Amino acid sequence: MLELSADLYAAFYLLATILFVFGLKGLSSPKTALRGNASAMAGMILAVVVTLIHPSVKSYTWIIAGLGAGALIGTVLALKIQMTAMPQLVAALHSFVGLAAVLVAAGTLMIHLHEGEVSGVLLAELMIGSAIGAVTFTGSIIAFGKLQGLVGSNPVVYKGQHFINLLIGLVIIGGSVQFVMSPDLITFAWITALSLLIGVLLIIPIGGADMPVVVSMLNSYSGWAASATGFTLNNHLLIATGALVGSSGAILSYIMCRAMNRSFFSVILGGFGAEASAVATGGPAKGVKSAAAEDAAFLLENSTKVIVIPGYGMAVAQAQHALKELQAALEEKGVELKYAIHPVAGRMPGHMNVLLAEADIPYDSVFEMDEINSEFSSADVSLVIGANDVVNPDAKNDKASPLFGMPILDVYKSRQIFVIKRSMKPGYAGVDNSLFYYPNCALVFGDAKEVIEKLASALKGGGH
Amino acid sequence: MSPLMIGIYVFVLACFIGYHVIWGVTPALHTPLMAVTNAISAIVVVGAIIVAGFSSENSTAIEIIGFFAVMMASINIFGGFVVTNRMLAMFKKKK
């Protein structure tokens with residue numbers, strides 16, 4: 001077997017770390033992103049190959065079986081998954097990293113017990129690694145269940161919830177101290193089991209509306225789990241890579257919280273959206289104007305600048321492909337069309353951009369909130385499709401509104417607004433939208449996909 | 001410096017690098033970012049390989065644990081990179 005010096009291993013691992021950093025850096029623009037992904041892949045291949053020739057690896061049967069099975073399952077999952085289901089896939093993948101971290105910690109502990117060499121520092125690191133991995137594992141499974149609709153998306157709250165969590169947390173810490181002093185597999189197992197439980201308890205009180213934050217947060221945890229594993233193995237590649245992923249998830253959580261005007265702390269404590277169902281009422285309210293698709297088409301045809309505001313409702317209705325048709329029809333008539341994306345438009349950060357890209361909508365006509373907000377006052381028509389809270393002017397004007405302070409798309413400034421809606425049902429936050437009562441706003445009732453198809457065909461027919 | 005302290009140095013400095021690199025990622029690519037970080041957090045495969053490749057007397061239990069760890073990490077590596085590639089290939093400029 002090829003023998004490399006410890007320094008040479010470290011050098012290869014350093015190179016892999018650098019490739020990961022370049023991979024992330026590539027995502028600063030869609031032009032360089034594919035190259036970035038290739039760089040990250042190269043880093044991973046290097047890391048795996050170098051580890052395979054490490055002298056402590058003595059048999060390959062289980063490794064090859066594991067790599068092969070994982071490659072098959074992972075590739076099939078990635079190729080089959082629908083873009084609307086991306087948050088579920090990401091949550092599922094987070095849970096696998098968590099589980100892998102727990103298993104690595106357990107295996108490493110058994111190896112060390114087998115060889116009879118354990119230090120207090122190592123035991124503490126192993127326990128922390130296993131605990132973070134366990135929380136990531138079960139937390140992600142609950143998030144997956146909520147996103148997939150297997151578990152109710154309503155927050156589960158009960159009396160003394162935070163006190164119980166705190167109590168379990170203290171038992172985990174106490175047990176860990178005992179484990180470091182007298183290590184055995186049983187103690188390790190029950191502390192890991194309690195960590196699995198706390199992962200469940202931490203996520204169940206968080207409502208469906210906060211899922212973008214939860215997915216980002218678990219992304220962060222999976223990174224910290226990798227870092228903790230790195231400490232147990234004294235491997236700087238794992239420590240550094242885990243830190244990169246951990247900070248990435250933390251930043252995304254922060255961005256999501258800011259976009260929803262929620263503090264990270266209140267998201268974690270949960271309970272948000274519990275009262276939403278109680279407030280929701282159906283039926284058109286007084287003072288709301290409705291318009292037929294034909295009227296909307298007429299106005300669209302005679303405008304020079306149209307801004308489309310897609311929300312998750314658009315993706316649910318599978319309307320993005322029809323939207324591409326509408327864009328083509330409008331551009332043929334010389335109408336400029338832009339898309340405005342609120343950071344929480346989808347169910348995870350950047351989700352809406354992917355959904356639009358999938359429908360072949362070029363990324364240079366898609367704009368972030370900060371880029372496009374100044375343009376609404378010069379827009380002839382704003383077309384809101386399946387979005388609600390993110391265009392509610394109450395967030396700016398009404399101090400009593402629960403949305404107050406949340407950054408919104410300034411749709412109300414445009415000359416004419418059309419909102420495509422199924423019914424008068426309020427958005428996620430369960431709040432009435434004052435935009436619907438504006439004199440320049442009209443509602444087009446119907447299924448998003450059907451309405452957009454109608455608009456596109458009316459424009460193509462040129463019946464007016 | 002103890003190995004733990006060196007590890008902490010690496011960890012803290014890498015957090016700073018992460019902080020600066022991630023703020024440079026365009027918000028349009030935040031979903032692919034999450035998918036690719038998912039793939040690279042599967043770097044725990046390094047630890048998994050060492051566990052699965054441990055061969056000694058009565059070490060079957062360790063190797064089986066290692067097998068599952070390698071498989072979980074491998075699902076992430078392939079799933080994460082393939083899906084990121086799929087998403088990024090869809091981002092096109094106006095013709």
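All values reported here derive from a predicted model rather than from experimental measurement. All chains are named by letter (A, B, ...) in the order of the sequence lines, taking the proteins before the strands, and each is independently numbered beginning at 1.
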Measuring heavy-atom distances to chain B, does [X] have an atom under 4.5 Å in its side chain, in its backbone, in both, or in neither?
X        : result
A/Met110 : both
A/Asn219 : side chain
A/Thr229 : side chain
A/Leu89  : side chain
A/Leu72  : neither
A/Glu358 : both
A/Ile341 : neither
A/Leu24  : both
A/Tyr363 : both
A/Met41  : both
A/Ser216 : both
A/Tyr13  : side chain
A/Ser227 : side chain
A/Leu77  : side chain

For [Y], does its backbone N or O pair with a side-chain atom of [X] as donor and acceptor, under 3.5 Å?
X        : Y        : answer
A/Arg35  : A/Gly26  : no
A/His94  : A/Ser220 : no
B/Asn76  : A/Leu93  : yes
A/Thr241 : A/Leu238 : no
A/Tyr60  : A/Leu52  : yes
A/Thr17  : A/Leu237 : no

Quiz item: When heavy-atom pairs shorter than 4.5 Å are enumerated against chain B, which of A/Val121, A/Leu99, A/Ile81 gives the highest number?
Solution: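 Most pairs with chain B among the choices: A/Ile81.
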Quiz item: Between A/Met352, A/Met44, A/Lys31, A/Glu125, which shows the greatest number of heavy-atom pairs under 4.5 Å with chain B?
Solution: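 So the answer, after comparing A/Met352, A/Met44, A/Lys31, A/Glu125, is A/Met44.
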Region of [X] that comes under 4.5 Å of a non-hydrogen atom in chain A:
X       : result
B/Ile8  : both
B/Val21 : side chain
B/Val36 : side chain
B/Val46 : both
B/Ile77 : side chain

Quiz item: Under the side chain to side chain donor-acceptor pair (under 3.5 Å) criterion, do A/His114 and B/Ser59 qualify, and how do the steps go?
Solution: CA-CA 8 Å; A/His114 193 94; B/Ser59 68; over 6 Å; no
Self-check item: Interface residue of largest heavy-atom contact number with chain A, from B/Leu4, B/Val45, B/Val12, B/Ile40, under 4.5 Å
Solution: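 Result: the option with the highest number of such pairs is B/Ile40.
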What's the spacing between [X] [atom1] and [Y] [atom2] if we round to 0.5 Å?
X       : Y        : atom1 : atom2 : result
A/Ser29 : B/Leu29  : OG    : CG    : 7.5 Å
B/Phe16 : A/Leu244 : CZ    : CG    : 13.5 Å
A/Lys25 : B/Ile17  : NZ    : CD1   : 11.0 Å

Quiz item: CD of A/Gln82: more than 12 outside heavy atoms within 6.0 angstrom?
Solution: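 Check fails, neighbour count at 12 or below.
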Quiz item: Would you find more than 12 non-hydrogen atoms of other residues, nucleotides or ligands less than 6.0 Å from B/Tyr19 atom OH?
Solution: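 Counting neighbours around OH of B/Tyr19, 12 or fewer heavy atoms of other residues, nucleotides or ligands fall under 6.0 Å, so no.
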Self-check item: CA sep, side-chain torsions, deciding dist, call: A/Thr51, A/Tyr9, side-chain contact (heavy atoms from CB on, under 4.5 Å)
Solution: CA-CA 8 Å; A/Thr51 310; A/Tyr9 274 107; over 6 Å; no
